[in-house]
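Atoms considered below: every heavy atom in the structure, side chains included; atoms not considered: hydrogens, waters and symmetry mates.
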Amino acid sequence: METTEKPDPTGSGYVTNGFPAPGLPRTMRHITGFNSKGESVFLSTDSGDHHRIMGDQQAVANIIYSTNETPVECNGDADIKHAKENEPPLHYPNGTVARMIDFAPGVKSPMHRAVSLDYGIVLEGVFELTLDSGETRIMRRGDVSVQRAAAHQWRNITGNGTMPGRMLYILLDCKDVYVEGTKMEGYLGLLGQYYQGNQH
């Protein structure tokens, strides 16, 4: 899908020091494993390996974890090595991506479609979710969207657009989606530059 959309300047320059965005708490990630006796232990505690500032310092993405296969190979910490060494694409075929995004006040994403099954969870703030049909929903902390290859747009309306907000997205691969025989194609528009690899 072609787009002539212009960048939205709302919130420009807000994210100045990477993750987390100003006004939001630092999220800690705890990864478990095993000791030589087979007991479960914590292997690491950090804030993620891959952070990416988006737009004109309007948002910051934090990859909590990603896997490139299902079932996941946990032996020899193969999954940990892969997640650490590879910033994921938008989503992996047969894999998963857990992506947290901090939004500056008032920021609105471009309309876009990922051909994937996505769970979107509001962690901090209030968001407006708009579909390409024009339908909208207001989502508050703890609310969840189940995006089934839907074209959509997010807007952070926390504090009437005066405060930052945070979403967590869990992206899973899905089969091609058809509506009345027409294949639904993915498009990212202005977001495409922020994702590595495929945009299926």
Side-chain angles (χ1 to χ4, degrees), residues 5 7-31 45-48 50-66 88 90-91 96-174 177 184 186-192 194-195:
E5 191 169 12
D8 178 0
T10 305
S12 293
Y14 187 80
V15 179
T16 55
N17 295 311
F19 179 80
L24 293 173
R26 178 167 294 281
T27 294
M28 301 308 293
R29 174 185 72 169
H30 308 283
I31 298 178
T45 295
D46 55 35
S47 293
H50 307 286
H51 302 158
R52 181 179 286 269
I53 292 177
M54 304 173 75
D56 184 15
Q57 296 181 303
Q58 294 160 299
V60 58
N62 179 2
I63 302 301
I64 300 301
Y65 209 65
S66 65
L90 181 62
H91 67 90
T96 65
V97 178
R99 179 181 285 111
M100 179 183 295
I101 300 183
D102 290 357
F103 291 79
V107 165
K108 179 174 67 173
S109 77
M111 183 67 69
H112 60 286
R113 183 200 314 277
V115 183
S116 55
L117 177 66
D118 307 341
Y119 305 120
I121 305 107
V122 180
L123 298 183
E124 302 280 351
V126 182
F127 287 81
E128 180 182 64
L129 173 59
T130 301
L131 306 182
D132 63 349
S133 65
E135 291 186 73
T136 65
R137 293 290 186 271
I138 303 300
M139 293 179 56
R140 296 174 173 81
R141 186 165 59 182
D143 288 348
V144 180
S145 67
V146 180
Q147 299 269 15
R148 302 171 58 252
H152 64 284
Q153 181 176 61
W154 294 97
R155 183 161 67 106
N156 174 21
I157 59 173
T158 309
N160 292 318
T162 65
M163 299 171 65
R166 174 177 286 166
M167 294 285 305
L168 176 64
Y169 303 101
I170 311 296
L171 290 87
L172 309 173
D173 196 24
C174 72
V177 176
M184 297 293 98
Y187 60 92
L188 295 178
L190 296 173
L191 291 175
Y194 304 111
Y195 296 102

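- Rounding to the nearest 0.5 Å gives a distance of 10.5 Å between CG of Leu190 and CE of Met54.
- Under the 30°/60° scheme for interplanar angles, the aromatic rings of His112 and His152 are found to be tilted.
- Expressed to the nearest 0.5 Å, how far CD of Gln58 lies from CG of Asn156 amounts to 11.5 Å.
- Here CD1 of Ile138 is found 10.0 Å from CG of Asp143. Values are rounded to the nearest 0.5 Å.
- Between the side chain of Ser47 and the backbone N or O of Thr27 there is at least one donor-acceptor pair closer than 3.5 Å.
- One side chain, Asp118 or Ser116, offers a donor N or O that lies under 3.5 Å from an acceptor on the other.
- Contact annotation: the side chain of Leu123 never approaches that of Met167 to less than 4.5 Å [non-hydrogen atoms, C-beta and beyond].
- We find that Glu124 and Arg166 are not joined by a salt bridge, their nearest charged nitrogen and carboxylate oxygen being 4.0 Å or further apart.
- Partner of Leu117 under the side-chain contact (heavy atoms from CB on, under 4.5 Å) criterion, out of Leu171, Ile170, Leu172: Leu172 alone.
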Are Val15 and Asp102 close enough, and set up right, to give a side chain to side chain contact (heavy atoms under 4.5 Å, CB included), and what steps lead you there? CA-CA 9 Å; Val15 179; Asp102 290 357; 5.9 Å; no

Start with the C-alpha distance between Phe127 and Ile157, add both sets of side-chain angles, then the distance that settles side chain to side chain contact (heavy atoms under 4.5 Å, CB included), and finish with yes or no. CA-CA 5 Å; Phe127 287 81; Ile157 59 173; 5.7 Å; no

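- To the nearest 0.5 Å, the span separating CG on Leu168 from CE on Met100 amounts to 5.5 Å.
- Taking CZ of Arg99 as the reference point, atom CZ of Arg52 lies at 9.5 Å (rounded to 0.5 Å).
- Between the side chains of Ser145 and Arg137, no donor-acceptor pair is found at a separation under 3.5 Å.
- Residues Phe103 and Val107 come closest through the heavy atom pair CD2-CG1, 4.1 Å.
- Scanning both residues, Arg29 and Ile63, for their nearest heavy atoms gives NH1-O, 4.2 Å.
- Within the 4.5 Å cutoff, the side chain of Lys108 has no heavy atoms near those of the Thr10 side chain.
- Within the 4.5 Å cutoff, the side chain of Leu129 has heavy atoms near those of the Gln147 side chain.
- The local environment of CG in Asp46 is crowded, with over 12 non-hydrogen atoms from other residues, nucleotides or ligands closer than 6.0 Å.
- Proximity of a side-chain donor or acceptor of Tyr119 to a complementary backbone N or O of Val144 within less than 3.5 Å is not detected.
- Contact between Thr158 and Gly125 at its shortest, heavy atoms only, is OG1-CA, 3.3 Å.
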Check against side chain to side chain contact (heavy atoms under 4.5 Å, CB included), Ser12 and Gln57: CA-CA 6 Å; Ser12 293; Gln57 296 181 303; over 6 Å; no

When you look at Leu188 and Tyr194, which way does the side chain to side chain contact (heavy atoms under 4.5 Å, CB included) test go after all the steps? CA-CA 10 Å; Leu188 295 178; Tyr194 304 111; over 6 Å; no

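- For the atom pair CH2 (Trp154) and CE (Met111), the distance works out to 12.0 Å, reported to the nearest 0.5 Å.
- Across Gly159 and Met163, no two heavy atoms sit closer than the pair CA-SD, 4.1 Å.
- Residues Ala149 and Arg113 share a closest heavy-atom pair of O-NH1, 2.9 Å.
- When all heavy atoms are compared, the tightest approach of Val97 to His91 is CG2-CA, 3.9 Å.
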